[in-house]
2 protein chains.
Amino acid sequence: MINDRQKKLARYAKALGHPVRVYVLQTLSLQSCCYSGDLTEILPIAKSTLSQHLKELKDAGLIQGETEAPRVKYCINKQNWEEAKELLKTFFEL
Amino acid sequence: MINDRQKKLARYAKALGHPVRVYVLQTLSLQSCCYSGDLTEILPIAKSTLSQHLKELKDAGLIQGETEAPRVKYCINKQNWEEAKELLKTFFEL
DNA sequence: ATAACTGTTCGTAATATTGCGAACAAATAT
DNA sequence: ATATTTGTTCGCAATATTACGAACAGTTAT
């Protein structure tokens, strides 16, 4: 009934469905990577809350985190990022 | 901190964050308008549930409903649809 | 007038989301 | 060895989302 592309699109859109996550993705896509601490300094939310948002973006596949002890470097997951882009592009150009 | 474009983008993305709503928008953008009954027949959800999803899309500004008694004709809200498209396009092309 | 049709609203329930602070884990610095 | 730094996880609370059926409202058919 509802196909896989539609489900995937909804999944990615859902991940984009919060201002903080939009901000994080925008930051990452501009500078490719950043430490979560950089975001904590700027964003007016508790670090635990940011951590949750980062987890959601990771679960959705849009970012990936790499431990560079004691910090964690987050980057865009390029492959899935491109997939999301393609899905949305096609969606809006029907 | 987080600007209006980011908030708007998140709002539209949130509306797109469910498979049923993606399906509805895709259907509407393909045939421009449709009656909610057409969707009820196809989608495996209760009509009250569909009504809620339609309300959310309407609240997000992506669709608009017009009563053609006893039915309701739903159409894409072109202006906001274009805005969402532009916001997402810019977002992914940073 | 009554029945049928279309869709919304209401009440309810289960689950998910958002947010915080405290506690924790792991590595580094003192 | 102890303290500091960085970030996650836990526990909690408030609110939002998703879903359903029943009841309702408005229009059209009988």
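Protein chains get the first letters and strands the later ones, always in sequence-line order, with residue 1 at the start of each.
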Please work out if Lys58(A) contacts a base, only the sugar-phosphate, or nothing of the nucleic acid, heavy-atom cut-off 4.0 Å.
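Touches nothing.
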Regarding Lys73(B), tell me which of base, sugar-phosphate or nothing describes its non-hydrogen contacts under 4.0 Å with the strands shown.
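Since no nucleic acid heavy atom lies under 4.0 Å of Lys73(B), the category is nothing.
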If every non-hydrogen atom of Leu25(B) is compared with every non-hydrogen atom of Ile63(B), which pair is closest and at what distance?
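Closest approach of Leu25(B) to Ile63(B): CD2-CG2, 3.7 Å.
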Nearest heavy-atom contact between Cys33(B) and Lys73(B) is CB-CG, 4.0 Å
Side-chain donor/acceptor of Ser51(B) to backbone N/O of Lys47(B), under 3.5 Å:
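No, Ser51(B) side chain to Lys47(B) backbone: no donor-acceptor pair under 3.5 Å.
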May I ask you to decide if Asp38(B)'s main-chain N or O and Glu41(B)'s side chain share a donor-acceptor pair within less than 3.5 Å?
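Side chain of Glu41(B) to backbone of Asp38(B), a donor-acceptor pair under 3.5 Å: no, none is there.
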Nearest-nucleotide pick for His18(B), side chain only, options being dT6(C), dG7(D), dT18(D)
dT18(D)
Where the side chain of Pro70(B) is concerned, which of dT6(C), dT17(D), dT5(D) is the nearest nucleotide?
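Of dT6(C), dT17(D), dT5(D), dT6(C) is nearest to the side chain of Pro70(B).
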side-chain contact (heavy atoms from CB on, under 4.5 Å) between Leu43(B) and Val24(B): does it pass, once the steps are laid out?
CA-CA 9 Å; Leu43(B) 290 166; Val24(B) 169; 4.3 Å; yes
Listed in order of residue number, which residues of residues 33-46 of chain A have a non-hydrogen atom at under 4.0 Å from DNA chain C?
Ile45(A), Ala46(A)
Please tell me if [X] has a side-chain N or O lying less than 4.0 Å from either OP1 or OP2 of [N].
X        : N       : result
Lys55(B) : dT9(C)  : no
Thr49(B) : dA19(D) : no
Tyr74(A) : dT8(D)  : yes

Arg21(A) versus Leu62(A): any side-chain heavy-atom pair under 4.5 Å?
no
Whole-Å gap separating [atom2] ([N]) and [atom1] ([X]):
X        : N       : atom1 : atom2 : value
Lys47(A) : dT4(D)  : NZ    : C1'   : 11 Å
Tyr23(B) : dT18(D) : OH    : C1'   : 19 Å
Asp59(A) : dA16(C) : CG    : C1'   : 13 Å
Leu50(A) : dG7(D)  : CG    : C1'   : 9 Å
Glu56(A) : dA16(D) : CD    : P     : 16 Å
His53(B) : dA19(D) : NE2   : C1'   : 8 Å
Glu68(A) : dT8(D)  : CD    : P     : 13 Å
Leu54(B) : dT9(C)  : CG    : P     : 11 Å

Nearest heavy atom decides the nucleotide; on that basis, is Arg21(A) or Gln52(B) closer to the 5' end of DNA chain C?
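Its nearest nucleotide being more 5', the pick is Gln52(B).
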No-hydrogen, no-angle side-chain donor-acceptor test under 3.5 Å, Thr90(A) and Glu86(A)
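The criterion, which ignores hydrogens and geometry beyond distance, is satisfied for Glu86(A) and Thr90(A).
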Counting distance alone, no hydrogens or angles: does the base of dG21(D) have a donor or acceptor under 3.5 Å from a partner atom on the side chain of Ser48(B)?
yes
Kindly check if the number of other-residue, nucleotide or ligand heavy atoms within 6.0 Å of CD (Glu68(B)) is above 12?
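It does: Glu68(B) CD has more than 12 such atoms within range.
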Find which nucleotide of DNA chain D each of Ala69(B) and Ser51(A) is nearest to by heavy atoms, and output the residue with the more 5' nucleotide.
Ser51(A)
